[in-house]
Chemist: 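One structure follows; several queries about it will come next.
In each ligand, atom 1 is the first atom listed, and ligand 1 is the first ligand listed. Index from 1, following the sequence.
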Amino acid sequence: MSKPEILVISEIPPPMIDTLQQHFVVYQYWQPGAEAVVRERGHVIRGALTRAAKGISTALIGQLPALEVISGFGVGVDATDLDTCRSRGIHVSNTPDVLNECVADTGLALMLAVTRKICAADRFARAGEWEHAAFPGAWKMSGKRCGIVGMGNIGHDVAARAAAFRMPIHYFSPREARNRQWQRHDSLVSLANAVDFLVLTLPGGAKTHHIINREVLEALGPEGILVNIARGSVVDTEALIAVLQEGKLRGAGLDVFEQEPHIPPALRDLQNVVLLPHIASNTAETRQAMADLTINNLVSYFTDGRVLTPVV
Ligand code: 8YV
């Protein structure tokens, strides 16, 4: 039997391509000549694979009339139009759970980095400034109040880690937490008012666009710290920059951005932010687990007719 033809939308590690080629005829959409491939083979391409944060455009889905399955490399599915997929009967999968621990670890790393000024202290030490002056003090994290927006599996993993720092846990989420001692709030402003850290672990997409706005950030207050390990789109970046510049927020730790990989210069100029290039799940172990699940979803679909971790 001939191998199914699949289109890989965004660049993925070469070993993933090698494994995919054992099962499929693989076209790489970021390579020169990809548009011609879509024109010539679009009518027989049955599968697609894409990085979660990139998704697959609705226009491209329209150019693939034989598309049956989209396998996402990552947990977020906000960058792909799921309604279009549903109406076309296209199966969509993601890679839930295998990345929870590393994403939560990154959340804690950002909380510590901002509150203890770890990156600024590293710059200070590297520049030899310690020979002339002592590093200015930072703030304590243990025992402070941790607020979590989106109490899914990643939110639970952040909460468990924060609890080990003796942090009381508060949250805002459509779903009740497994631990009834954690305090649920019925609005983001109420949550932000009650905590020192606001950690974002909610999905991106139209429903959550800019829900972290100026009102929420001002409620978090001048001693508050925002940590975003979710999607750039959930934060109103202009408002965030303004409150940081005005001293109305202590700091922010950000792994994701609205126009990534572009980071606004005004954000880069601020000393009280720690900026990461969307690396929360980027460890060798987790990326391997994500790669295996992404590929196995496609293999399972083409052998058994169903993906292992379906979204649609
Ligand atoms: C990945 C992510 O960085 O899982 C997600 O939704 O955004 C991240 O884990 C990304 O999908 C890999 O490019």
Side-chain angles (χ1 to χ4, degrees), residues 6-17 19-20 26 28-30 47-57 60 69-82 85 92-110 148-158 199-209 211-212 227-235 237 253-263 274-298 307-312:
I6 67 162
L7 185 63
V8 182
I9 310 299
S10 37
E11 197 162 352
I12 52 171
M16 268 183 93
I17 299 283
T19 309
L20 284 166
V26 180
Q28 301 173 41
Y29 194 58
W30 65 94
L49 186 157
T50 186
R51 284 178 176 266
K54 280 252 178 192
I56 168 168
S57 75
L60 183 52
V69 58
I70 299 170
S71 178
F73 180 57
V75 68
V77 284
D78 51 301
T80 298
D81 181 356
L82 298 183
C85 295
V92 179
S93 62
N94 64 349
T95 63
D97 298 327
V98 292
L99 43 64
N100 296 350
E101 291 185 323
C102 280
V103 175
D105 290 351
T106 305
L108 268 288
L110 282 170
I148 297 175
V149 183
M151 194 49 91
N153 292 333
I154 294 174
H156 276 85
D157 276 6
V158 169
V199 185
L200 312 180
T201 61
L202 70 168
K207 284 191 195 136
T208 59
H209 185 257
I211 65 167
I212 305 300
V227 167
N228 191 1
I229 47 174
R231 280 290 182 266
S233 62
V234 304
V235 176
T237 307
L254 309 171
D255 183 46
V256 287
F257 303 88
E258 285 199 73
Q259 310 294 336
E260 62 186 53
H262 172 72
I263 302 178
V274 172
L275 308 172
L276 301 180
H278 199 153
I279 55 159
S281 68
N282 196 355
T283 62
E285 297 88 340
T286 288
R287 282 292 162 90
Q288 186 60 54
M290 289 165 65
D292 291 346
L293 184 50
T294 307
I295 294 169
N296 288 339
N297 269 321
L298 282 177
V307 295
L308 303 173
T309 46
V311 178
V312 170

Chemist: Is the backbone N or O of Leu49 less than 3.5 Å from a side-chain atom of Ser71, with the two atoms forming a donor-acceptor pair by type?
Modeler: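 No; judged by distance alone, with no hydrogens or angles, the pair does not exist.
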Chemist: Within a radius of less than 6.0 Å around CD of Glu101, do more than 12 heavy atoms belonging to other residues, nucleotides or ligands occur?
Modeler: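 Incorrect, the count does not exceed 12.
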Chemist: Keeping Glu258 on the side-chain end and Thr237 on the backbone end, is there a donor-acceptor pair under 3.5 Å?
Modeler: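 Pair found, side chain donor or acceptor close to backbone of Thr237.
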Chemist: Could you tell me whether the side chain of Asp292 and the main chain of Ile295 form a donor-acceptor pair under 3.5 Å?
Modeler: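 No: the side chain of Asp292 does not pair with the backbone of Ile295.
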Chemist: Using a 4.0 Å cut-off on heavy atoms, what residues surround ligand 1? Order them by chain and number.
Modeler: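 Shell around ligand 1 (4.0 Å, heavy atoms): Arg51, Ala52, Ala53, Phe73, Gly74, Val75, Gly76, Leu99, Arg231, His278, Ser281, Arg287, Met290.
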Chemist: Among residues at least two apart in sequence or on other chains, which ones pass ring-ring contact (aromatic ring centres under 6.0 Å, His included) with His278?
Modeler: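 By the ring-ring contact (aromatic ring centres under 6.0 Å, His included) rule, His278 matches no residue at all.
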Chemist: Side-chain contact test, heavy atoms from C-beta onward, threshold under 4.5 Å: evaluate it for Leu202 versus Ile211 and give yes or no.
Modeler: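 The answer is yes; the side chains approach within 4.5 Å.
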